S.K.: 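Once you've had a glance at the structure underneath, I'll fire off some questions.
Since this is a predicted model, take the numbers as computed values, not measurements.
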Amino acid sequence: MTFIRLHILNFLFIGLFMSACVEPLEFDLNSEVEYVLIDGVVSNSPDERTISISRGAGFNQREFKPVNARGNIYRDGQLWDILAVQGVGKLYVPFTLKLEEGRSYEIEITTSSGDVFRSQPQIVQPKLKMDSLSFGVERRLAGTTFSGLPRFDQFVDIFAHVRTPGPPEERYYRWQVDGTFSFVESTQPQNPNNIPSTCYLSHFVSENPTTVLSADGLAAGDVKKLVNSRIADESFLFRHVINVYMHAIDKSTFEYYDRAIRLTQSAGTLFDEVPAPVQGNVKKIAGEPEIVLGQIDFSLVDTMRISLSKGILKVPISNVCETPTPCPTRPPAPGGVIDPIYCKCWDCDLALPNSSLFPPFFWDE
């Protein structure tokens with residue numbers, strides 16, 4: 001998956017506990033109680049092999065301190081290999097170790113203080129390939145204006161199409177979405193000799209995962225699943241490549257993510273049943289008792305991409321360069337003359353996070 005996972009699950013856990021009752025952990029949300037957060041996704045992608053270990057204090061504080069640790073990975077209950085240390089609080093499963101369908105995997109982590117944590121064994125499920133991706137555009141309510149009037153925007157919905165095996169097999173899946181869009185920047189728009197360059201800006205989704213699906217009880221056949229929805233803003237002016245990842249997961253992982261999504265998406269009322277905290281699959285097996293949060297997921301992943309733009313979406317999007325046509329992306333032929341370019345552009349290298357003047361590896365696929 002493009003770029004590292006920026007502690008998305010960390011914020012998900014915080015949201016869960018801030019909306020949950022104190023049973024059975026019995027702590028005060030405003031207290032400075034400490035906890036350990038261990039999470040990660042291990043898949044057949046080189047970008048999904050990192051395990052994060054951190055400590056926090058007070059569930060209303062979104063601050064995490066990485067913890068020095070080392071770790072091992074086990075396959076079918078036997079030591080498989082030692083995890084590589086990428087830095088404080090970061091362990092990496094070597095990419096030379098390939099996940100195999102039907103095998104059981106677990107992670108054991110030992111901190112510098114001697115505390116030991118272990119994930120519950122997880123069997124890697126059969127991989128299922130997506131058939132295709134599609135999109136739809138719909139005008140929906142997006143909030144209110146400063147004057148309190150309703151504000152409507154065009155939304156781009158991304159759909160994954162899969163053929164589920166159906167009963168009697170139980171299959172469970174989750175999707176993750178990220179992407180990259182491009183725009184043209186000109187650092188000196190008034191200079192006729194300035195050569196514009198293309199900037200590539202990558203983004204993440206706000207929650208992990210975006211969608212989960214249980215094929216249990218579904219008839220075998222085609223399923224169309226909404227996996228992401230985004231406002232049709234200037235990121236679609238030129239080219240916007242959206243990556244969709246479908247992970248095959250087991251039942252316990254599905255139940256964990258499904259419950260987490262439902263709890264964080266619903267504010268609830270005083271008359272609703274009070275939810276209990278969602279706990280992951282990481283347990284402390286040595287050391288003083290303490291609160292442990294986290295989920296380590298071993299899963300095979302299928303990846304598909306969809307390329308969109310203003311021309312494909314056919315919706316009005318303002319031109320960020322404020323010109324009738326996009327800025328040129330390459331200099332003219334030798335001896336040619338570059339016309340003055342009047343663009344409102346950004347500083348790709350300095351002003352924007354997750355930006356680059358070089359396209360991602362999948363850009364020309």
Side-chain angles (χ1 to χ4, degrees), residues 4-42 50-74 83 85 87-91 105-122 174 207-209 249-268 272-298:
I4 59 175
R5 295 170 68 235
L6 298 187
H7 282 297
I8 298 174
L9 274 177
N10 296 4
F11 301 111
L12 177 61
F13 290 130
I14 295 301
L16 291 174
F17 279 89
M18 290 183 71
S19 63
C21 69
V22 297
E23 295 292 336
L25 296 180
E26 298 182 353
F27 53 80
D28 181 356
L29 293 181
N30 295 319
S31 70
E32 293 302 313
V33 62
E34 292 189 354
Y35 57 92
V36 178
L37 177 59
I38 300 175
D39 74 287
V41 175
V42 182
T50 301
I51 309 298
S52 300
I53 310 99
S54 57
R55 287 187 181 273
F59 290 93
N60 59 344
Q61 304 293 325
R62 297 192 175 192
E63 296 181 0
F64 307 92
K65 295 182 179 180
V67 176
N68 271 312
R70 63 183 188 277
N72 300 319
I73 182 170
Y74 292 78
L83 301 183
V85 178
V88 179
K90 295 290 183 183
L91 299 177
Y105 297 88
E106 54 195 301
I107 296 288
E108 183 178 87
I109 293 171
T110 303
T111 67
S112 57
S113 60
D115 295 326
V116 183
F117 305 86
R118 191 155 180 157
S119 65
Q120 295 175 342
Q122 185 177 11
R174 71 172 181 88
E207 66 179 16
N208 182 10
I249 57 178
D250 62 9
K251 184 176 182 179
S252 62
T253 305
F254 164 79
E255 291 174 343
Y256 171 82
Y257 283 126
D258 181 57
R259 191 177 183 196
I261 289 176
R262 287 188 285 107
L263 284 176
T264 54
Q265 287 181 342
S266 176
D272 292 338
E273 180 182 355
V274 180
V278 176
Q279 301 205 1
N281 63 355
V282 182
K283 309 296 181 184
K284 188 171 186 179
I285 61 174
E288 294 295 324
E290 61 183 326
I291 298 169
V292 182
L293 309 180
Q295 177 82 8
I296 296 179
D297 177 16
F298 293 92

S.K.: Taking only residues two or more places apart in sequence, or in another chain, which ones meet N72 in a side-chain contact (heavy atoms from CB on, under 4.5 Å)?
M.R.: Y74, L79, I82, E108
S.K.: Going by side-chain contact (heavy atoms from CB on, under 4.5 Å), name the residues that satisfy it together with S112, two or more places apart in sequence or in a different chain.
M.R.: N68
S.K.: If I take atom CZ from residue R118 and atom OG1 from residue T110, how far apart are they, to the nearest 0.5 angstrom?
M.R.: 10.0 Å
S.K.: Would a distance-only check, ignoring hydrogens and angles, find a side-chain to backbone donor-acceptor pair under 3.5 Å from S119 to I107?
M.R.: yes
S.K.: With side chain to side chain contact (heavy atoms under 4.5 Å, CB included) as the criterion, how do I109 and R70 come out once you've worked through the C-alpha distance, each side chain's angles and the decisive distance to 0.1 Å?
M.R.: CA-CA 6 Å; I109 293 171; R70 63 183 188 277; over 6 Å; no
S.K.: Does any N or O in the side chain of T111 come within less than 3.5 Å of the main-chain N or O of D115, such that one atom is a donor and the other an acceptor?
M.R.: yes
S.K.: Give a yes or no on whether a salt bridge exists between D258 and R174, defined as a side-chain N under 4.0 angstrom from a carboxylate O.
M.R.: no
S.K.: To the nearest 0.5 Å, what is the distance between CG on L83 and NZ on K90?
M.R.: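 Nearest 0.5 Å value for the CG-NZ distance: 13.5 Å.
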S.K.: Run the numbers on T50 and L91 for side chain to side chain contact (heavy atoms under 4.5 Å, CB included), then give the verdict.
M.R.: CA-CA 6 Å; T50 301; L91 299 177; over 6 Å; no
S.K.: Would you check, one step at a time, whether the test side chain to side chain contact (heavy atoms under 4.5 Å, CB included) holds for V42 with D297?
M.R.: CA-CA 6 Å; V42 182; D297 177 16; over 6 Å; no
S.K.: List in chain and number order the residues that pass ring pair (Phe, Tyr, Trp, His ring centres under 6.0 Å) with Y105, two or more places apart in sequence or in another chain; answer none if no residue qualifies.
M.R.: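 For Y105, the residues satisfying ring pair (Phe, Tyr, Trp, His ring centres under 6.0 Å) (neighbours in sequence not counted) are W80, F298.
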S.K.: Considering all heavy atoms of both residues, which atom of E288 and which atom of K284 are nearest to each other, and what is their separation?
M.R.: O-NZ, 2.5 Å
S.K.: Would you please name every residue forming a salt bridge (charged side-chain N to carboxylate O under 4.0 Å, His left out) with D250, sequence neighbours left out?
M.R.: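 Testing D250 for salt bridge (charged side-chain N to carboxylate O under 4.0 Å, His left out), a comparison that skips the adjacent residues, returns none.
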S.K.: Using atom types as modelled and distance alone, determine if a side-chain donor or acceptor of K251 lies under 3.5 Å from a backbone N or O of E255.
M.R.: no
S.K.: I need the S52 OG to D39 CG distance, nearest 0.5 Å.
M.R.: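 These two atoms lie 5.5 Å from each other.
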S.K.: Does N281 have any side-chain hydrogen bond (donor to acceptor under 3.5 Å, both in side chains) partners at least two apart in sequence or in another chain, and if so, which?
M.R.: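 Once residues adjacent in sequence are excluded, N281 has no partner under the side-chain hydrogen bond (donor to acceptor under 3.5 Å, both in side chains) criterion.
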S.K.: Under the rule for ring pair (Phe, Tyr, Trp, His ring centres under 6.0 Å), what residues qualify as partners of F254, not counting sequence neighbours?
M.R.: Y172
S.K.: For a quick test of reading the model, state the closest non-hydrogen atom pair linking G89 to P66 and the distance between them.
M.R.: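 Of all heavy-atom pairs spanning G89 and P66, the closest is CA-CB, 3.9 Å.
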S.K.: Please report the shortest heavy-atom distance between E106 and P121, naming the atom on each side.
M.R.: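 Closest approach of E106 to P121, heavy atoms only: OE2-CG, 3.7 Å.
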S.K.: Could you check whether any side-chain heavy atom of L293 comes within less than 4.5 Å of a side-chain heavy atom of V36, counting everything from C-beta outward?
M.R.: no
S.K.: Stepwise, does the side chain to side chain contact (heavy atoms under 4.5 Å, CB included) test hold for V67 with V88?
M.R.: CA-CA 6 Å; V67 176; V88 179; 5.9 Å; no
S.K.: Looking at CD of Q295 and OG of S252, how far apart are the two atoms once the value is rounded to the nearest 0.5 Å?
M.R.: 7.0 Å
